[in-house]
Amino acid sequence: MPEKTLFQLSSPGRQAWSLPALDVPAVDAGETARKGNDLPELSEIDVARHFTRLSIMNHHVDKGFYPLGSCTMKYNPKVNELTSRLPGFTGLHPLEPESLTQGALRLMYELGEMLKEITGFDAVTLEPAAGAHGELTGIMMVRKYFEKRGESRDVVLVPDSAHGTNPASVTLSGFKAVQIKSNERGEIDPVELERACSNCVACLMVTNPNTLGIFEPEAKRICDIMHRQGALVYLDGANLNAYVGVHRPADAGFDLMHINLHKTFSTPHGGGGPGSGPVAVTKALEPFLPRPVVRRAEGQRDGGTEGQSDRTLDPSIPRSLDPLFYLDFDRPDSIGRVMGFHGQFAVLVRAYTYIRMLGAAGLKDAAESAVLNANYVRAELDGVYDLPYKGRCLHEVVFSGTNLKQYGIKTLDVAKRLLDYGMHAPTIYFPLIVPEALMIEPTETESRESLDGFIAAMRQIADEARTNPEILRQAPITTPVRRLDEAKASRELDVCYPV
Amino acid sequence: MRFTPHTAEDRRLMLQRIGAASVKELFAGIPAGIRLDRPLDLPAPLSEPEAVRELGKLAAENTGADQLACFAGAGAYDHYVPAIVDTIISRPEFYTAYTPYQAEVSQGTLQAIYEFQSLVCRLYGMEAANASMYDCASALAEATHMARDISRRPKVLLAGSINPVHAEVVRTYAHGLNIPIDVVPLSGNTIDLDALERLCTPDVAALIIQHPNFFGNLEPARRASEIVHQAGALLVVSADPISLGVLEPPGAYDADVAVGEGQPLGIPLSFGGPYLGIMSAKKKYIRNLPGRIVARTVDTEGKTGFVLALQTREQHIRRERASSNICSNQALCALAANVYLATMGRTGIAEVARQSMAKAHYLADGIAGVRGFETETSTPFFKEFVVRTPVPAAKVVETGIKHGILAGVALDRFNPEWKNRLLVAVTEKRTRVEMDAYCVFLKQEFAN
């Protein structure tokens, strides 16, 4: 039975809220007063049961394997949920005086320092809300960097294997995205790059390891080529989970990167978010970071104002605690703010908790296990599905379902059939350079037994494709609903329950 | 502490199957010259009790609305969060799931988003909403792109009374795209309608207003809407969702795009995030909306179900021609808002708004009675108002702390000319006792 919507469950006169009676005179909103609204009316048990019933229709990491490539669906420690809900954090208003928020600012400062050590960069902003927001912030900084130098460059190069967010971020920051073709090994070809790079090019966006899970062997040379033309190199840090403690991007010559903090450093994905996308940069790009930046005071300081940057502190204001950590708004070359406040603070608390618990050895162990797991899946399924790019991978592996085409089976059918085996499907049809792609990222938290279960299911599905293809085309059959009519959804656009 | 399950035996067996001698060998693809040859210099690892203690210490260095009577607002508000909100969003079925790419095993998330969109539409009086943006500021920035794409006109008008940080974020986003921005000047604390008429030239794509505005005043929204539409431009409105319990919604005065900060809907203050960008529009503009949109449909057996719709607008399909670059959004915060609105319902949202408004007026009257303090209120206003202070507003805030009161937000942090202006917000959580204590504190400290 499908679960009714809130609106169908509503019954006039029911109430789930309670507030004390108003103890001051009521005020009339006058001519702008609203005359009623159409929100539903439910009792608390209706609300509890409704959302509980909805929830059990979801597949989720705590239930089972979630090998969604590029998404790093690792298990997230429960202690993160505890620490991020401490009242000293959740009750903190973002515009309180700094004397009251020293613990929060210290956490942000120290997290920034740890991210600098992990990536090798010189400065960091924690403000962007998600990976794509970090990309946008980074590319805006690239623009500002060239404006400051008086150079007009309007092109950003993006490999054909890149995440869709890369070219979208490029457009949104006013650059023109130009695609460069990967070579036959799926890597950026330095010769091709040399051809594409001119003094019109501001930046190259690189995902490393790339979306095939392959580390760009010429990463350093690629950076050198761009730098010789005066251009910058942006690293999409979506795949940082593959190399924490093994490699630091700044050492290869990258100029800036974003970190998908929620993925690598463990915030559950919440059904689509929130995430967090800090951007780490070299010294040369530091002046352009979004305002404000968290700083540690050394002697006298002036943090400036949010609105303008030339304030002197009023001596009549008591500075009771003389705060050690503060928000620096006085950044004349900043691209400006990218969020209403200081970023996704509760996600930062989770990342801080996670990094402090694992330490250097634990983080490296996580990267190693992630790579071990991906290679195990690669070795066990090579030959069962096509493996267009041979050789070892890092944290994820991309297969192709083209070998099942002879039975009239598409990758979509394989994905849907996996749902019947109680697992989430891999990312499908991405990267675009692999036909019928199946992009598998097991992550480090899966056990050998868990991987063996997935491998067995994938083998069985390949067998079914030969022996009983119809069951794949019909799949999924055990899920709360069967395949859904997406064409009807986009044609009729029922996006809001009618009043 | 580690969260990886492999034993030495697991590792041995797996390496054997892979055909590698060691895990290190698997990293051979990373050239030696750029491999890190030392351990990362990070603090020593912690066990769970140690981590809880460390984080507990950091949390204890803060003093927030859990300890002070919070009259701070300016975009983040201390409304009551019913217990059921955290209970529901703490279900792993919701919070450990990803974006609902495989609809058949994500119906819980998808239906919840559909309901969230529907609740937003009902609250804002609009026809279509998306699954969420990062926050109100980024939603406004995206709204400028929408307006430009829809109207094919270049310029955006920004009311001088919108949240100054939101205005800055709009400017940050507009910079690279060379979107010219004009500011509509104020007459008092609301937009000057004559100036608006002059500024509404044929190159204007949209006017952005906040209503109630940053200072808490009500804008002449109906009149502004007429002026803007006569000029063929769009009206973009930013509205506090709680205010819509008592004030007529943006749809009622013909807003084309309506956004809001969803934090007041069951989301904790949490030092500024994660919050919730609410974004809605007239249905004819649905293809210009950024972000995820869920639609109701049927499965192969005719059973009702929900899917992500209009994905061809999005970055993973359209890449450099996408309507936005957004991928991750604020799904769990949208779920919190969904549960909050389901719990408060038709009568509860109206009561929260009614109480916040009444209490704000009570406190404003009280403060106006303290010698040296004046309020910049028009009648009526909603839950926020500006107080002119006889000493720097920041000093009032600092002094209030020892009385257990977070007196508001000193506006000089946004503009040095606003040194003696204090923005005070009152939610339904504040009591008459707290508000009386606020006035006593002002009298004791500043009215002698």
Q) Hey, what do you get for CG (L26(B)) to CG (N375(A)), rounding to the nearest 0.5 Å? A) 5.0 Å

Q) Checking I84(B) against chain A: side chain, backbone, both or neither under 4.5 Å from a heavy atom? A) side chain

Q.
Given 3.5 Å as the limit, does a donor-acceptor pair link the side chain of R34(A) with the main chain of L244(B), or not?
A. yes

Q: Heavy-atom distances under 4.5 Å only: say whether M73(A) touches chain B with side chain, backbone, both or neither.
A: side chain

Q. Between F175(A) and chain B, which part of the residue has a heavy atom less than 4.5 Å away: side chain, backbone, both or neither?
A. neither

Q) So what's closer than 4.5 Å to chain B heavy atoms on A379(A): side chain, backbone, both or neither? A) side chain

Q: Below 4.5 Å from any heavy atom of chain B, which atoms of M114(A) appear? Answer side chain, backbone, both or neither.
A: both

Q. Would you find a donor on one side and an acceptor on the other, under 3.5 Å apart, between the side chain of Q117(B) and the backbone of V495(A)?
A. yes

Q. What part of E492(A) lies closer than 4.5 angstrom to a heavy atom of chain B: side chain, backbone, both or neither?
A. backbone

Q | Under 4.5 Å from a heavy atom of chain A, the part of V397(B) involved | A | side chain

**Q.** Side chain H93(A), main chain A76(B), donor-acceptor under 3.5 Å
**A.** yes

Q) Does a side-chain N-to-carboxylate-O contact under 4.0 Å join R448(A) and D10(B)? A) yes

**Q.** Rounded distance [0.5 Å steps], CD in Q111(B) versus CE in M57(A)
**A.** 5.5 Å

Q. For the candidates L54(A), N76(A), L92(A), V481(A), which exhibits the highest count of non-hydrogen atom pairs separated by less than 4.5 Å from chain B?
A. L92(A)

(Q) I'd like to verify something: which residue of L177(B), D41(B), V23(B), N178(B) has the highest number of heavy-atom pairs under 4.5 Å with chain A? (A) D41(B)

Q) Any donor and acceptor pair, going by atom type alone, linking the side chain of D135(B) with main-chain N or O of G340(A) inside 3.5 Å? A) yes

Q) Considering only heavy atoms, which portion of P82(B) lies under 4.5 Å from any heavy atom of chain A: side chain, backbone, both, or neither? A) neither

(Q) Under a 4.5 Å cutoff for heavy-atom pairs, which residue among G272(A), G359(A), G91(A) has the most contacts with chain B? (A) G272(A)

Q) Distance from R346(B) atom CZ to E41(A) atom CD, nearest 0.5 Å? A) 4.0 Å

Q. Is it the backbone or the side chain of E127(B) that comes under 4.5 Å from a heavy atom of chain A, or both, or neither?
A. backbone

(Q) Taking T297(B)'s backbone N and O only, do any of them form a donor-acceptor pair with D485(A)'s side chain (distance below 3.5 Å, no angle check)? (A) no

Q. Side chain, backbone, both or neither: which part of V352(B) has an atom under 4.5 Å from a heavy atom of chain A?
A. both

Q.
Checking side-chain polar atoms at under 3.5 Å, does Q330(B) have a donor or acceptor matched by the opposite partner on Q344(A)?
A. yes

Q. Tell me, side chain or backbone of A322(B) under 4.5 Å from chain A's heavy atoms, or both, or neither?
A. side chain

Q) Can you check whether A309(B)'s main-chain N or O pairs, donor with acceptor, with S490(A)'s side chain at less than 3.5 Å? A) no

**Q.** Atom group of E3(A) that falls short of 4.5 Å from chain B, counting heavy atoms
**A.** both

Q) So which part of V339(B) gets closer than 4.5 Å to some heavy atom of chain A, the side chain, the backbone, both or neither? A) both

(Q) Any donor-acceptor pair under 3.5 Å linking the side-chain atoms of N58(A) with those of T109(B)? (A) yes

Q.
Determine whether a donor-acceptor pair (N or O, by modelled atom type, separation under 3.5 Å) exists between the side chain of D299(B) and the backbone of R482(A).
A. yes

Q. I30(B) versus chain A, heavy atoms under 4.5 Å apart: side chain, backbone, both or neither?
A. both

Q) Is it the backbone or the side chain of P480(A) that comes under 4.5 Å from a heavy atom of chain B, or both, or neither? A) both

(Q) Do the side chains of R296(B) and D494(A) get close enough for a salt bridge, i.e. N-O under 4.0 angstrom? (A) yes

Q: Please state whether the side chain, the backbone, both or neither of Y376(A) comes within less than 4.5 Å of a heavy atom of chain B.
A: both

Q. Where on L406(B) is there a heavy atom nearer than 4.5 Å to chain A: the side chain, the backbone, both, or neither?
A. side chain

Q. Any idea which of I118(A), V246(A), I56(A) has the most non-hydrogen atom pairs under 4.5 angstrom with chain B?
A. V246(A)

Q: Against chain A, label I349(B) side chain, backbone, both or neither, depending on which of its atoms sit under 4.5 Å from a heavy atom there.
A: side chain

Q: Heavy-atom distances under 4.5 Å only: say whether V371(A) touches chain B with side chain, backbone, both or neither.
A: both

Q. Would you find a donor on one side and an acceptor on the other, under 3.5 Å apart, between the side chain of N62(B) and the backbone of F89(A)?
A. no

Q. Mind checking whether Y134(B) and H133(A) have parallel, tilted or perpendicular rings, split at 30° and 60°?
A. tilted

Q: Evaluate the ring pair (Phe, Tyr, Trp, His ring centres under 6.0 Å) criterion for residues H316(B) and F430(A): first the C-alpha distance (whole Å), next the side-chain angles of each, then the deciding distance (0.1 Å), finally the verdict.
A: CA-CA 9 Å; H316(B) 61 286; F430(A) 185 83; 9.2 Å; no

Q: Flag the one option from V27(A), V47(A), L484(A) with the top tally of heavy-atom pairs under 4.5 Å to chain B.
A: L484(A)

**Q.** From CG (D66(B)) to OG1 (T90(A)), nearest 0.5 Å
**A.** 6.5 Å

Q. Which atoms form the tightest heavy-atom contact between P25(A) and Y362(B), and what is the distance?
A. CD-CD1, 4.2 Å

Q.
Tell me if a side-chain donor or acceptor on T96(B) pairs with a main-chain N or O of D62(A) at a distance below 3.5 Å.
A. yes

Q. Quick one: of C136(B), G348(B), S270(B), who has the most non-hydrogen atom pairs under 4.5 Å with chain A?
A. S270(B)

Q.
I'd like to know if the side chain of E115(B) and the backbone of L6(A) have a donor-acceptor N/O pair within less than 3.5 Å.
A. yes

Q. At what distance, to the nearest 0.5 angstrom, does CE of M14(B) lie from CG of L372(A)?
A. 4.0 Å

Q: Run the salt-bridge test on R337(A) and E168(B) with the 4.0 Å N-O cut-off and return the result as yes or no.
A: no

Q) Is it the backbone or the side chain of A20(B) that comes under 4.5 Å from a heavy atom of chain A, or both, or neither? A) both

Q | Heavy-atom contact with chain A under 4.5 Å, split by part of C327(B) | A | both

Q. At a heavy-atom separation under 4.5 Å, does E428(B) approach chain A through its side chain, its backbone, both, or neither?
A. side chain

Q) Which one, E61(B), R2(B), E104(B), leads in non-hydrogen pairs under 4.5 Å with chain A? A) E104(B)

**Q.** Pick from L218(B), L247(B), V307(B) with the largest number of heavy-atom pairs that fall under 4.5 Å of chain A
**A.** L247(B)

Q: For chain B, find which of P2(A), S369(A), G275(A) contributes the most heavy-atom pairs closer than 4.5 angstrom.
A: S369(A)

(Q) Does any backbone or side-chain atom of P164(B) lie under 4.5 Å from a heavy atom of chain A? Answer side chain, backbone, both or neither. (A) neither

Q.
Heavy-atom pairs under 4.5 Å with chain B: which of L82(A), D28(A), T101(A) has the most?
A. T101(A)

